[in-house]
Each structure stands twice: as C-alpha cells, then as structure tokens.
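Reviewing the structure listed below.
From a predicted model like this one, the values you see are computed outputs, not experimental measurements.
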Amino acid sequence: MHRRLIAPGALAAASLLLAIPASAADYQPGAPGIGDPYYPNYGNGGYDVSHYDLRLKYQPQSDELEGTATILARTTRDLSRFDLDFLLDVSEVRVNGAKAAFATSGQHELVVTPATPLPKGTPVTVVVRYSGVPSTKSAYGFTTWHRTPDGAIAADEPEAAWWWFPSNDHPLDKATYDVSVAVPDGTQVISNGTLRSTSSKLGWTRYNWRSGKPQATYLTTLAIGKFDITTGTTSAGVPVVNAYSRDLGDNDGAARASVERTGELVDWLTGYFGPYPFDSVGGYVPNTTTGYALETQTRVYYSPKQFANGSNTSVVVHELAHQWYGDDVSLKGWKDIWINEGFARYAQWLWSEHEGEGTAQELADYVYASHPADDAFWTVRPGDPGPDNQFDTAVYDRGALAVQALRNEVGDEAFFAILKGWPKEHAYGNASVADFQAYAEKVSGRPLASLFDTWLFQQSKPAASAARTTALARASAAPVRPRSWTKIAATNDVHGH
C-alpha cells in the first residue's frame, strides 16, 4: 500500500468531489438475470426486494386478472434501469412516486427505466399496474398458471410468479408478502401464511393473506375457486389451514385422509428438524389435471392425482419436510437442489421407519441394489445435476442414499444433531451444498469431502463398502423391497412438471 501526502487545499477539493453525485455515465443497467447458470435469465441484478404487496382482482369465468404490485426494495449498485420478471400487460410503472418508462424484453422481462437514476443503497418503491388473461401467456413453451373448473391456481417450480405478479424471480431474493385478492362472492382465495381479514362489497369478496417470514417467489402460491376449508392446530399451537376443491370426485376421501394429518406430521417432523419455522401450515388440493405436488411455503399444493391410488401420508411428509429443507433454508443456486430433495426424500424414509414399513437403511439397501452399475441412475450428480436433470429420480433417491451414507459415516448422534441444527444455522436464508458439507464437518468433527464427492458428484456407482452396510456387502443378493416403497415411489414424479 502506498501513502501520499495531501495538502490542506487538496483535502478541501477532495471533500467537494465526494459530495458530487455520480454522473449518469456511472449508472449501469441491472442484469437481466441474477447469475444462476442453470437459468441465466431468471431473477435480476442490481436490487434486493424486502416485501411484495399484491392487490388483485380476478374473474374466474373469463380468467381476467387485474393487479397493482407494490415492491419494496433496495438497490445494490448504481442503477440506470432494472428488470422485473413478468408476462402480463403493464399499463403504468412508478418508481419512488414518479412515472417510469417500461418495455418488454426477451420472453419474460419487464425493463423499467426510472425518471432519475438510482444510487446504490437507495430504498426503492416500485408500483406496477397490470392486467391480462394469464392462461393466454406462455414463456419458453409452457405456462405455470393452471385453470380449474371454478378458477385457477399458480404453483410450479422453478418459476410461477411471472403469470400473476412482477418479481425478482429467484430463491436468492426472498421477501415477505401481503396478497389481497377480490373475487366474486361465493369464490374463495387461498394463499400463503395467515388470512388476516375478509370483506365483501357490491358482489365481491376480498381476501387478505400475509406471509411474515422471508419467502421465495416460486414458493408463493395463489388458488382461486370453491373450497371446503378445514382448520386446526398442531400440538405447539401452529394454525393448520387445509382446503379441498368441492369437485374432487373419487379422490376426495383419500386426499382428506392424507392432508388432514398435516398437524400430526408437523409435530413428528419437529422431532428431527426442530421447531416449525412459520406461523401457519396446511395444504390445498384443487381440481387440476397436473400430477405433481409442491412445497409452497406454509400452504402445500397437492394434485388430486397424488391420491388416485388411495391415501398417501408419505407425499405429505415429503412436502412438509421441505418447509425446513427448501423453504426455511432455501438454495443459493438451482444446482443445490439436493439440499431440498435429498432430505425431503429421506424424511419419507424416516416416516417408513416410524410406521414399521422398512427402515431407512433397508430402503437405502433396496435403492442401491435396484440400480446396476451401468444404470444411467448413477450418471446423474445430485450435488450438481444440471437443469435437464434437476428433478430426476436420482436427485431424490441417490440424494437420499447420500444422506444415509452421511448418517453411517458420522453416527446417529452427530447425524441427528446435523439434521436438526441445519435449519437453525441458516434460518430464513440461503445455503449451498458446500455450506452443508462445511456444517456437517463442523458438527461431526470429521472430514467429509470424499464422502460428499462419492455420493453427490461421481458419475458412477459407489462401491458397496462406501455405504458401510452388511447388506450391501453381499455379492448380488436380490434386493428386498420394503413395504413402504410403493407409496414412496408414487412420489417419484412429485415435481415432474
């Protein structure tokens, strides 16, 4: 480091220069993507959102949606303009009260140019007025807005927001939410968090939902239709709100027999993962033709097809486990999907053990033995599967094998301390696979790089000895299928969008 002597007069001049705002040339556009290599144009650069206030009006018959989104954010660099991820038709944008210019770009970008540039660290209020028919919009050849006979739902991964609110659509930018929706009397609105109030006027009823903890955009859901709503509490007093479309037909009973156990299953999961991290919990089963379920924060989305073969508490366990692993602690990048799916699948293995339908080790042995060395299953790397394999079965099953291998390596005492401590360590934040490895090493006191590399990153079947089990050491014994496997396997397409 070199020091220079500065004369008093020069100091005064330097102070004057510091007081001069950056010139227009110093302000740059925010990036159209947040920097995730799996999805280069998802999310945006240059700002961080703290809160979304969404005030909407929806007509189920025509699928017409009107909205005003108020977005509270702070700039993270000197900005000349910035992007939002959005598809509907925008009529006006204001930034800090002043009208802003706007234009569309690419498949889902809304480019906003404020009247004056925004210095780094500036609190920003963005108001977007918009309208449109979400079901007529698509990007990259698909839609995540799903019509139902009496309304619509928004629930999908890794994107869902573009069809109903403008956002910084990446899990790295979590925020709190107020979602207020007016619908014709007799229609209901389900969303995340807690229902704070309802009011009716001139044939319309407005529902006001609030999520008070940080929430990723893809975990923000909206369901509009006619529902049968049930309420209750967990043993710890967490409110439970479940909702079922009134026209589920033959799937109605099995759906209720599964989802109505939410409170019980949350109580059970707290024994492994620690206190439930949010102020409400529940799920909803709309009358959709989709086949997947999704861990939408506090209010899980279930397709009725998940219950076509009868009740299935295993899928409920999977989605509720995500409330800790995926929702409370969210991934830093989509390559870190193992932290979400490997542990949610492993929760199903623990539930199987609890129900006496096969231990976690027996399930691990079965999965391992079921896939020969030349099976493409072993070419998928759960620790970084690539966007095409992000929801491949191997991310779930090989991912859970990695969790069992960790358990075998560090022993139950350290393993369950890791399992419970992780959601607390990164509560309401984001973390990566590397962060998890570092945490597991800290808690266990063991070097784990080789184990993580073997089970999460190598594109070959690990040697049987790597699993440290008697069963796997047998030459080629036919695998014994645990009784729980049928229901666990039924969730293999749980995120198969």
Review point. Any side-chain heavy atom of Thr262 within less than 4.5 Å of one from Val259?
Key: yes

Review point. With a 4.5 Å heavy-atom cut-off, do Val367 and Leu401 have their side chains touching?
Key: yes

Practice item. Please examine the side chains of Thr234 and Val240, heavy atoms only from C-beta on, and report whether any two atoms are closer than 4.5 Å. Key: yes

Review point. When you measure from the side chain of Trp209 to the backbone N and O of Thr194, does any donor-acceptor pair fall under 3.5 Å?
Key: no

Exercise for review: Determine whether Phe82 and Asn168 make a side-chain contact, defined as any pair of heavy atoms from C-beta on separated by less than 4.5 Å.
Suggested key: no

Practice item. Using modelled atom types only, decide if a donor and an acceptor are shared between the side chain of Gln188 and the backbone of Ile224 within a distance under 3.5 Å. Key: no

Exercise for review: Write down the atom of Ala161, the atom of Thr217, and the distance for their closest heavy-atom approach.
Suggested key: CB-CB, 4.4 Å

Review point. Do Thr491 and Gln348 get their side chains close enough for a donor-acceptor pair, meaning under 3.5 Å?
Key: yes

Exercise for review: Can you see which heavy atom on Gly283 is nearest to which on Asn242, and at what distance?
Suggested key: N-OD1, 2.8 Å

Exercise for review: Evaluate side-chain contact (heavy atoms from CB on, under 4.5 Å) for Arg206 paired with Ser180, printing each intermediate quantity in order.
Suggested key: CA-CA 7 Å; Arg206 181 168 289 279; Ser180 175; 2.8 Å; yes

Review point. So which heavy atom on Trp163 is nearest to which on Leu65, and how close?
Key: O-CD2, 4.2 Å

**Study point:** Lys NZ or Arg CZ of Arg256 over Tyr244 ring: under 6.0 Å, within 45°
**Key:** yes

Exercise for review: Establish, from distance only, whether the side-chain atoms of Gln215 and Thr220 form a donor-acceptor pair under 3.5 Å.
Suggested key: yes

Review point. Is any side-chain heavy atom of Leu331 closer than 4.5 Å to a side-chain heavy atom of Asn430?
Key: no

Check your understanding: Distance only, no hydrogens: is a donor on one side chain within 3.5 Å (strictly under) of an acceptor on the other, for Tyr39 and Gln390?
Key -> yes

Check your understanding: Do Asp185 and Trp204 get their side chains close enough for a donor-acceptor pair, meaning under 3.5 Å?
Key -> no

**Study point:** Donor-acceptor under 3.5 Å (Arg94 side chain, Val126 main chain)
**Key:** no

Check your understanding: Between the side chains of Ser191 and Arg299, is a donor N or O closer than 3.5 angstrom to an acceptor N or O?
Key -> no

Check your understanding: For Leu72, does its backbone N or O pair with a side-chain atom of Ser50 as donor and acceptor, under 3.5 Å?
Key -> yes

Check your understanding: Is the NZ or CZ atom of Lys213 positioned over Phe278's six-membered ring, under 6.0 angstrom from the centre and within 45° of the axis?
Key -> no

Point to revise | Backbone N/O of Leu219 and side chain of Asn192: donor-acceptor pair under 3.5 Å | key: yes

Practice item. Check whether the ring centres of Trp422 and Phe343 lie less than 6.0 Å apart, and answer yes or no. Key: no

Review point. Between Asp48 and Thr76, is any side-chain donor less than 3.5 angstrom from a side-chain acceptor?
Key: no

Check your understanding: Does Ser303 reach the main-chain N or O of Lys305 with its side chain, forming a donor-acceptor pair under 3.5 Å?
Key -> yes

Review point. Just checking, any donor-acceptor pair under 3.5 angstrom between side chains of His322 and Glu341?
Key: yes

**Study point:** Parallel, tilted or perpendicular, as decided by the 30° and 60° cut-offs, for the rings of Tyr276 and Trp324
**Key:** perpendicular

Review point. In this structure, which one of Trp164, Tyr52, Tyr207, Phe165 forms a side-chain contact (heavy atoms from CB on, under 4.5 Å) with Val179?
Key: Trp164

Review point. Are Thr221 and Tyr284 linked by a side-chain donor-acceptor pair shorter than 3.5 Å?
Key: yes

Point to revise | CZ/Arg81: more than 12 non-hydrogen atoms of other groups inside 6.0 Å | key: no

**Study point:** Side-chain donor-acceptor contact under 3.5 Å, Tyr396 with Asn340
**Key:** no

Point to revise | Donor-acceptor pair between Tyr58 and Asp63 side chains, under 3.5 angstrom | key: yes

Exercise for review: Please check if the side chain of Glu319 supplies one atom and the backbone of Glu295 the other of a donor-acceptor pair under 3.5 Å.
Suggested key: yes

Exercise for review: May I ask you to decide if Gly151's main-chain N or O and Arg147's side chain share a donor-acceptor pair within less than 3.5 Å?
Suggested key: yes

Exercise for review: Please step through side-chain hydrogen bond (donor to acceptor under 3.5 Å, both in side chains) for the pair Asp36 and His170, ending with a clear verdict.
Suggested key: CA-CA 9 Å; Asp36 193 316; His170 192 277; 2.7 Å; yes

Review point. Is there a donor-acceptor contact under 3.5 Å linking the side chains of Ser432 and Asp336?
Key: no

Review point. Does the side chain of Tyr301 come under 3.5 Å of the side chain of Thr290 through a donor N or O and an acceptor N or O?
Key: yes

**Study point:** Aromatic ring proximity Tyr325/Phe436, centre distance under 6.0 Å
**Key:** no

Point to revise | Arg246 and Asp150: CA distance, side-chain angles, deciding distance, salt bridge (charged side-chain N to carboxylate O under 4.0 Å, His left out) verdict | key: CA-CA 10 Å; Arg246 299 173 189 174; Asp150 52 15; over 6 Å; no

**Study point:** Evaluation steps, side-chain hydrogen bond (donor to acceptor under 3.5 Å, both in side chains), between Ser235 and Asp267
**Key:** CA-CA 7 Å; Ser235 294; Asp267 288 338; 2.8 Å; yes

Exercise for review: May I ask you to test the Glu157-Ile337 pair for a side-chain heavy-atom distance under 4.5 Å?
Suggested key: yes

**Study point:** Donor-acceptor side-chain pairing of His51 and Thr176 below 3.5 angstrom
**Key:** yes

**Study point:** Exercise: do Asp53 and Tyr177 side chains pair donor with acceptor under 3.5 Å
**Key:** no

Revision key, fill the gap. Scanning both residues in full, the closest heavy-atom pair of Asp384 with Lys335 reads OD1-CB, 3.4 Å

Review point. Side chains of Thr187 and Thr205: does their closest heavy-atom pair fall under 4.5 Å?
Key: no

Check your understanding: Angle class for the Trp334/Phe391 ring planes (parallel below 30°, perpendicular above 60°, tilted otherwise)?
Key -> perpendicular

Check your understanding: Would you find a donor on one side and an acceptor on the other, under 3.5 Å apart, between the side chain of Glu353 and the backbone of Ala360?
Key -> yes

Check your understanding: Roughly how far, to the nearest 0.5 Å, is CG of Asn287 from NZ of Lys226?
Key -> 13.0 Å

Exercise for review: Take the angle between the ring planes of His354 and Trp351 and call it parallel below 30°, perpendicular above 60°, tilted in between.
Suggested key: parallel

**Study point:** Residues Thr143 and Ser138: side-chain donor-acceptor under 3.5 angstrom
**Key:** no

Study note, to complete from the structure: Taken to the nearest 0.5 Å, the spacing of Leu269 CG from Glu264 CD works out to 10.5 Å

Check your understanding: Got a donor-acceptor contact below 3.5 angstrom from the Asp83 side chain to the Asn44 backbone?
Key -> no

**Study point:** Residues Asp178, Arg210: salt bridge by 4.0 Å N-O rule
**Key:** yes

**Study point:** Between Asp89 and Ser131, a side-chain donor and acceptor under 3.5 Å
**Key:** no

Check your understanding: Taking all atoms of both residues into account, what is the closest heavy-atom pair of Pro423 and Asp328, and its distance?
Key -> O-OD2, 3.5 Å

Practice item. State, without any angle test, whether Glu260 and Thr230 hold a side-chain donor-acceptor pair at a distance under 3.5 Å. Key: yes

**Study point:** Over 12 non-hydrogen atoms of neighbours within 6.0 angstrom of CG in Asn309
**Key:** no

Point to revise | Side chains of Tyr218 and Glu159, donor plus acceptor under 3.5 Å | key: no

Point to revise | Nearest-0.5 Å distance that lies between atom OG1 in Thr296 and atom CD in Gln323 | key: 7.5 Å

Review point. Taking the inter-plane angle between the rings of Tyr42 and Tyr140 on a 0 to 90° scale, is it parallel (under 30°), tilted (30 to 60°) or perpendicular (over 60°)?
Key: tilted

Review point. Looking only at heavy atoms, what is the nearest atom pair of Phe227 and Gly225, with distance?
Key: CE1-N, 3.4 Å

